[in-house]
Amino acid sequence: METIASVPLPAEAPQHFRFSSKVGEHLLVVPHTRVYDLTPSLAAWLDDATETRRVAELLGETAEGEAALDDVVVPSVQSLSLNVASACNLSCGYCYADRGSFLGRQAKSMTREVARSGVDALFEQADPGAPVTIGFLGGEPLINRQLVHDIVHYAEAKAAPLGLDLRFSITTNGTLLREEDIALLRARRFAVTVSIDGDALTHDRQRPLANKARSGSFAALARGIAPLLEDPGRAQISARVTVSRNTLQLRERVEAILALGFTEVGISPLRVAADQSELGDADWTPYLEGLTGLAELELERVRRGLGIRLTNLAVALKQIHRGASSPYPCGAGGGYFSLSADGKWYACHRAIGDADYQLGENGKLDDSERAAFLKARHVHAQTDCASCWARYLCSGSCHQEAGSRTPQSCGFIRNWLHFCLQAYCELSSSHPSYFAAAN
Ligand code: SF4
Ligand code: SF4
């Protein structure tokens, strides 16, 4: 991993966040996400002391073996998503990809040659000691089923002599799954993300079938995914719920998804939507209430010895426990790239056809453009984020959605992380075994 630049933090940036929970007083040291329990007298002293900032700076110093948070590092490319299909059998109004065609910028589906050369380039650039992941996206990737199957077998044959730890992922609407697809997924470490927006009524309204204007896709999805939910084999299946400003009632929707047999459900609010159904400023408070309401139910499950199914909560708790602290929200342009049907390498799958995100072609990355991309998107370079206590947990949130950031949407993020910090302190006091099991 090469360090190519440093983006200093403004001197006034907050170094700590003080909070209370049901089990006492706590301090989050912002750099490296270190959480401390405080005695009441220490908490009172920190709240008054002029030295608090200095204390937090010392507690947050980068330790040996940790990456300095100012650094812009260029990691090896470990993950490549292939935009194998430029079409979809659904017609969701909010779709960022225009059903896979990206407003005509990806008019044709990917060929076998382009996909295979992408895999070759990934394997040449990856660190063989770390996992390597190939993802399938679209449109609906199973529209180009033959290519998905071909690439899985091709990649496995190439990876075996190299001794690579090869993994796969696919994001699918679940309606086209056939027996042979299920066999392919089950037999491998396949992260399968199924886009599902809730109960049949909500889902069918948001995700109609493209060829039948009035007909929804929920029944086809439920039918398609059932065998995999029943027996996932080595695959890991999760539901991804998209929340629009019209569907803020989360509980009924999540219950309907769990009733299908999903054991992991992640929720994503729309910040940018093709049909303008993204959340507005007034929507963030009800959305937070809905999400924390769901999270409370999951925390109750942990108290009963059960697991957390809401991935937003499970991931946040894991990150806090590990002291995860990153200047980037994702691997875009770092360890992760997305290959378009015409062989161009983009930093992100949502940015196909966007020149600002194109960092290479035919397996050759442009080092200087990649460096500039990473430098510009470091969280210290984001005006609002540099002065935010949540900066290494939120990491500025998705680059694609940064333009839609508002005080209200950031207020939601900080309130949610505050909730998760409290939950973390409470659970680590009452149920430390949860974190031992999550390790
Ligand atoms: S996106 Fe908002 S909440 Fe996240 S780090 Fe930036 S300012 Fe903070
Ligand atoms: S930029 Fe946004 S959509 Fe793209 S990989 Fe990162 S988090 Fe995902």
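Start at 1 and go down the list; that is how both ligands and their atoms are numbered.
- For ligand 1, the atoms lying closer than 4.0 Å to a non-hydrogen atom of Arg391 are 5 (S).
- Remark: ligand 1 atoms within the under-4.0 Å shell around heavy atoms of Cys388 are 3 (S), 5 (S), 7 (S), 8 (Fe).
- Under the 4.0 Å criterion applied to side-chain N and carboxylate O atoms, Arg405 and Glu401 are not assigned as salt-bridge partners.
- In summary, the side chains of Gln206 and Thr242 do not present any donor paired with an acceptor at a separation below 3.5 Å, with no hydrogens or angles considered.
- Taking 2.8 Å as the threshold, Cys398 does not count as a candidate ligand of atom 6 (Fe) of ligand 2, since none of its N, O or S atoms lies below it.
- Between Tyr346 and Tyr357, the ring center distance fails the sub-6.0 Å criterion.
- Residue Gly396 approaches ligand 1 through these ligand atoms, each under 4.0 Å from one of its heavy atoms: 1 (S), 5 (S), 6 (Fe).
- The six-membered or imidazole ring of His349 lies away from that of Phe136, with a centre-to-centre distance of 6.0 Å or more.
- Contact annotation: His349 places no N, O or S atom under 2.8 Å from atom 4 (Fe) of ligand 2.
- Contacts of Cys385 with ligand 1, taken as heavy-atom pairs under 4.0 Å, involve both backbone and side chain.
- Nearest protein heavy-atom contact of atom 3 (S) of ligand 2 is Arg350 CD, 3.2 Å.
- Every atom of ligand 1 is numbered from 1 in the order shown, and the set under 4.0 Å from a heavy atom of Arg405 is 1 (S).
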